[in-house]
**Q** 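I am attaching a structure below and will ask some questions about it afterwards.
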Number of protein chains: 2
Amino acid sequence: MQGWEGVRAEVLRRIRARIWPPGALIPGEETLAGEFGVARATVNRALRDLAEAGVIERKKRAGTRVAELPVRRARLEIPVIRQDVEARGLVHGFELLADRLAPAPVPVTARLGLPEAAPMRFLETLHLAGGRPYVLESRWLNPAVLPHPAPDFARESANEWLVTHVSLVSGDIAFTAEPASPREAEVLGVPPGTALLVAERTTQGTAGPVTLVRLAHAPGHRVQMSF
Amino acid sequence: MQGWEGVRAEVLRRIRARIWPPGALIPGEETLAGEFGVARATVNRALRDLAEAGVIERKKRAGTRVAELPVRRARLEIPVIRQDVEARGLVHGFELLADRLAPAPVPVTARLGLPEAAPMRFLETLHLAGGRPYVLESRWLNPAVLPHPAPDFARESANEWLVTHVSLVSGDIAFTAEPASPREAEVLGVPPGTALLVAERTTQGTAGPVTLVRLAHAPGHRVQMSF
DNA sequence: ACAGGTTTTATGTCTAGACATATTAGCCAT
DNA sequence: ATGGCTAATATGTCTAGACATAAAACCTGT
């Protein structure tokens, strides 16, 4: 068992076997390299990987120690909605329900870091999967990121246009469960108050805040991730 | 701007500027190393990072190409519930509501890959944040992973004991929105049918399937992640 | 004791060169 | 054409050595 994956496996084994218990300082890279008969860079690669996984914590000069409470990290892949639907073997479609320029509510501008009541493009898109309502997308879009002439969001969904044409840099997502509002109930074709999985995303681009979007999913939707 | 982060930034800039459009083959490591005046290993580090982020796709012999539809990846950190509560500045507590050995329902054994109706430990724990119900944890636990004598889950929550004592290897999480069942409503102190954010996790360990747990969160709970 | 600067040290990164490995592309025989 | 072998090539990884950097530890002088 050699190579950086071998080193990682052996270090992980020792941690799990409590040879190096939680909180303990493990030997330095030089030492381990000597013991395993590999170069220090190889040990470094292995330990860096374990640090990324949250198993160990590394600090310059202070050394490497086993994490006290290993934090598990799961990765969520956020596809374009069309891909998401097609991956389920269904035909994707969408309807543009609203498209207007309006002063954005304060909570929206605040979360994006824009001046209060800045005029923004509001887009409401209902995505369909196999002809049935799939998710209601309510989006506030910073008009500064749009080119002239602006794209036709009735032809290409805002969701997809943004991913392919705007350089998204960072952002965050939050999932909540909420009862369907009258509007959501009507559009999605469910009784008001139905439990909906709601995702709220904000994204920042290279040229400032891009968009805040709320995705209200039809009942039964699962967001799946693995680790 | 030098170093692998500099290389990554420049490559990313060219991709965003469509100098290298989606689907395009980008120059090889050797070429880029020459152009940027760094060693090939440095370019490799930068490109490996971009590949991990989903911006480019790499294959041996075939080279590196820009991803057609960049999939955004967000990382979720799954803390121990106690940490989660304490991070919100609240006092954590819990009550063990049920603890029994029972044949697990078929959907449970099936998802974990255990024989049908295998006897499993069923644990129901209500976690409290600042004295108020926070999340109801319903867990099926493979008794094979427990030592003798078994730990006292009334003292240390199963959630925390598992993280620190069992080597978890892989697993998956799914989030859904569900109406509170009568049981959940009663325990969490909400009206039946209230929209709850439910997380379902399965985990596999080195020595086989470990646990399947359902976490029904109190209303208003947000699961937050960033990218 | 204590604040401030200096040394030490473990990790972070880089280089140049090498070999390993997975595919693709080309070639040849059928 | 088609199947199968072979060579070419881009990425993956490793080595040995070097310098950079951050933070702890060790001195100072007051």
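The figures here come from the full heavy-atom set of this structure, side chains too, leaving out hydrogens, waters and symmetry mates. Order of the sequence lines fixes the chain letters, A, B, ..., with proteins taken first and strands second; residue numbering starts at 1 for each chain.
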**Q** Is there a side-chain polar atom (N or O) of A:Thr42 under 4.0 Å from OP1 or OP2 of D:dT15?
**A**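 Answer is yes, contact under 4.0 Å.
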**Q** Does the gap between the ring centers of A:Tyr134 and A:His221 come in under 6.0 Å?
**A** yes
**Q** Going by atom types alone, do B:Thr64 and B:Arg58 pair a side-chain donor with an acceptor below 3.5 Å?
**A** yes
**Q** What is the separation between atom CG on B:Leu47 and atom P on D:dT11, rounded to the nearest whole Å?
**A**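 Taking CG of B:Leu47 and P of D:dT11, I get 7 Å after rounding.
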**Q** Quickly work out the A:Asp49 CG to D:dT13 C1' distance and round it to whole Å.
**A** 14 Å
**Q** Measure the distance from CZ on A:Phe36 to P on D:dT13 and round it to the nearest whole Å.
**A**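 Roughly 18 Å, once rounded to whole Å.
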**Q** Within the structure, does a side-chain N or O atom of A:Arg45 lie under 4.0 Å from either OP1 or OP2 of D:dT13?
**A**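 The answer is yes; a side-chain N or O of A:Arg45 sits under 4.0 Å from OP1 or OP2.
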**Q** Rounded to the Å, how far apart are B:Glu29 CD and C:dT21 C1'?
**A** 14 Å
**Q** Counting only side-chain nitrogens and oxygens, does B:Thr64 get under 4.0 Å of the OP1 or OP2 atom of D:dT11?
**A**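 For B:Thr64, the contact criterion (side-chain N or O under 4.0 Å from OP1 or OP2 of D:dT11) is met.
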**Q** Before accepting this row, confirm whether a basic side-chain N of the pair B:Arg214/B:Glu178 lies closer than 4.0 Å to the acidic partner's carboxylate O.
**A** yes
**Q** Using whole Å, report how far CD of B:Glu52 lies from C1' of D:dT11.
**A** 15 Å
**Q** Among the candidates C:dT15, D:dT13, D:dT15, find the nucleotide nearest to the side-chain atoms of B:Ala39.
**A**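 Of all the options, the side chain of B:Ala39 is nearest to C:dT15.
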**Q** Salt bridge check, B:Asp99 against B:Arg121: does any charged N sit closer than 4.0 Å to a carboxylate O?
**A** yes
**Q** Grab the CG-P distance between B:Leu25 and D:dT9 for me, whole Å please.
**A**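 These atoms are roughly 14 Å apart.
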**Q** OP1, OP2 of D:dT11 versus side-chain N and O of B:Asn44: anything below 4.0 Å?
**A** no
**Q** Quick one: do B:Arg82 and B:Glu160 make a salt bridge, cutoff under 4.0 Å?
**A**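 Yes, charged N to carboxylate O under 4.0 Å.
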**Q** Between A:Glu77 and B:Arg72, does at least one N-O distance fall below 4.0 Å, as a salt bridge requires?
**A** no
**Q** Would you check, one step at a time, whether the test salt bridge (charged side-chain N to carboxylate O under 4.0 Å, His left out) holds for A:Glu5 with A:Arg45?
**A** CA-CA 9 Å; A:Glu5 290 186 285; A:Arg45 179 89 160 83; over 6 Å; no
**Q** Between A:Ala62 and A:Ala41, which is nearer to the 5' end of DNA chain C once each is assigned its nearest nucleotide?
**A** A:Ala62
**Q** Could you check whether A:Arg40 gets within reach of a base, just the sugar-phosphate, or nothing at all, counting any heavy atom under 4.0 Å?
**A**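 Base, at least one base atom sits under 4.0 Å.
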**Q** Over how many whole Å does the gap from A:Arg48 atom CZ to C:dT13 atom P extend?
**A** 7 Å
**Q** May I ask you to list the residues of residues 54-61 of chain A, by number, that have any heavy atom positioned under 4.0 Å from an atom of DNA chain D?
**A** A:Lys59, A:Lys60, A:Arg61
**Q** Rounding to an integer number of Å, can you tell me how far B:Leu32 CG sits from C:dT15 P?
**A**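 So the CG-P distance, B:Leu32 to C:dT15, works out to 14 Å.
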